[in-house]
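Sequential numbering from 1 along the given sequence is applied to the chain's residues.
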Amino acid sequence: MDSSDVGRLRVSDAERDAVVRRLQDAYAEGRLDHDEFDMRTHLAMTSKTRDDLAAVTRDLEPVRGRAGGALELAEPTGEDRMLAAAAHAVAVPTLFVGPLVLMLVSGKRSEFIRRQAMEAVNLQVTLLLITIVTFGVGGALYAVTWILSAVAAVFALAGQGFRYPWILRLVK
């Protein structure tokens with residue numbers, strides 16, 4: 001299979017979801033107006049091939065640097081990985097407060113830190129809402145989140161993103 005054949009491969013729901021998240025970010029940044037956001041979201045959700053999907057965000061990809069003339073996204077630095085891991089770890093004793101502070105302070109200089117801290121905040125807010133709605137019974141889920149927070153911290157240390165399953169993503 002040569003490189004031209006790759007673009008003709010069919011896309012998965014996960015690939016479409018990643019493009020929709022990128023469009024949501026671009027809309028939040030003011031790069032897209034509402035009508036264009038709606039149109040591109042529709043195109044992303046109805047895309048059949050990778051070429052179709054790539055066309056939706058081609059002009060939105062953030063450029064961090066150039067290597068040999070090719071565009072590439074910056075890898076998170078060691079400090080970024082440590083702070084992203086800390087955002088997950090500090091959520092255990094501080095709930096959403098610690099990750100929120102990291103997101104607001106360090107998230108301005110690193111997209112990786114912001115996204116990982118945002119995940120930790122969303123997890124903690126989801127758990128807090130579940131605990132309130134179930135009159136405290138949902139508090140038992142906090143033991144499970146300690147394990148998930150440790151796993152997320154390890155992923156962040158390795159420079160990989162982590163998304164918690166089954167949470168409300170209220171903070172964008």
Quick check: do [X] and [Y] have side-chain heavy atoms less than 4.5 Å from each other?
X: Leu170; Y: Leu129; answer: yes
X: Asn122; Y: Leu168; answer: no
X: Ile113; Y: Met103; answer: no
X: Ile167; Y: Glu119; answer: yes
X: Arg21; Y: Arg169; answer: no

Hey, quick one: are [X] and [Y] part of the same hydrophobic cluster, counting side-chain heavy atoms closer than 4.5 Å, chains of contacts allowed?
X: Ile130; Y: Leu148; answer: yes
X: Leu127; Y: Val171; answer: yes
X: Met39; Y: Met45; answer: no
X: Val92; Y: Val125; answer: no
X: Val90; Y: Leu100; answer: no

Are the side chain of [X] and the backbone of [Y] linked by a donor-acceptor contact shorter than 3.5 Å?
X: Arg22; Y: Leu60; answer: yes
X: Arg40; Y: Val56; answer: yes
X: Thr145; Y: Tyr142; answer: yes

Salt bridge or not for Arg31 and Asp25, using N-O below 4.0 Å?
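Result for this pair is no, no salt bridge flagged.
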Atom [atom1] in [X], atom [atom2] in [Y]: separation rounded to 0.5 Å?
X: Thr46; Y: Leu53; atom1: OG1; atom2: CG; answer: 9.5 Å
X: Asp52; Y: Arg50; atom1: CG; atom2: CZ; answer: 12.5 Å
X: Arg8; Y: Arg10; atom1: CZ; atom2: CZ; answer: 14.0 Å

Looking only at heavy atoms, which two atoms of [X] and [Y] are closest? And how far apart?
X: Ala85; Y: Ala156; answer: N-CB, 3.6 Å
X: Ser149; Y: Leu123; answer: OG-CD2, 4.4 Å
X: Pro99; Y: Ala117; answer: O-CB, 3.5 Å
X: Ala86; Y: Leu102; answer: C-CD1, 3.9 Å
X: Ala91; Y: Gln124; answer: CB-NE2, 3.7 Å
X: Pro93; Y: Ala89; answer: CD-O, 3.4 Å

Scan Ser106, Pro76, Ser110 and name whichever one has a side-chain contact (heavy atoms from CB on, under 4.5 Å) with Leu83.
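By the side-chain contact (heavy atoms from CB on, under 4.5 Å) criterion, Leu83 pairs with just one of Ser106, Pro76, Ser110: Ser106.
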Residues two or more places apart in sequence or in another chain: which of them pass side-chain hydrogen bond (donor to acceptor under 3.5 Å, both in side chains) with Asp13?
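side-chain hydrogen bond (donor to acceptor under 3.5 Å, both in side chains) check on Asp13 returns Arg16.
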Just checking, any donor-acceptor pair under 3.5 angstrom between side chains of His42 and Asp38?
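No, Asp38 and His42 have no side-chain donor paired with an acceptor closer than 3.5 Å.
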For residues 81-135, pull every pair meeting ring pair (Phe, Tyr, Trp, His ring centres under 6.0 Å), keeping only residues two or more places apart or in separate chains.
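Found His88-Tyr164.
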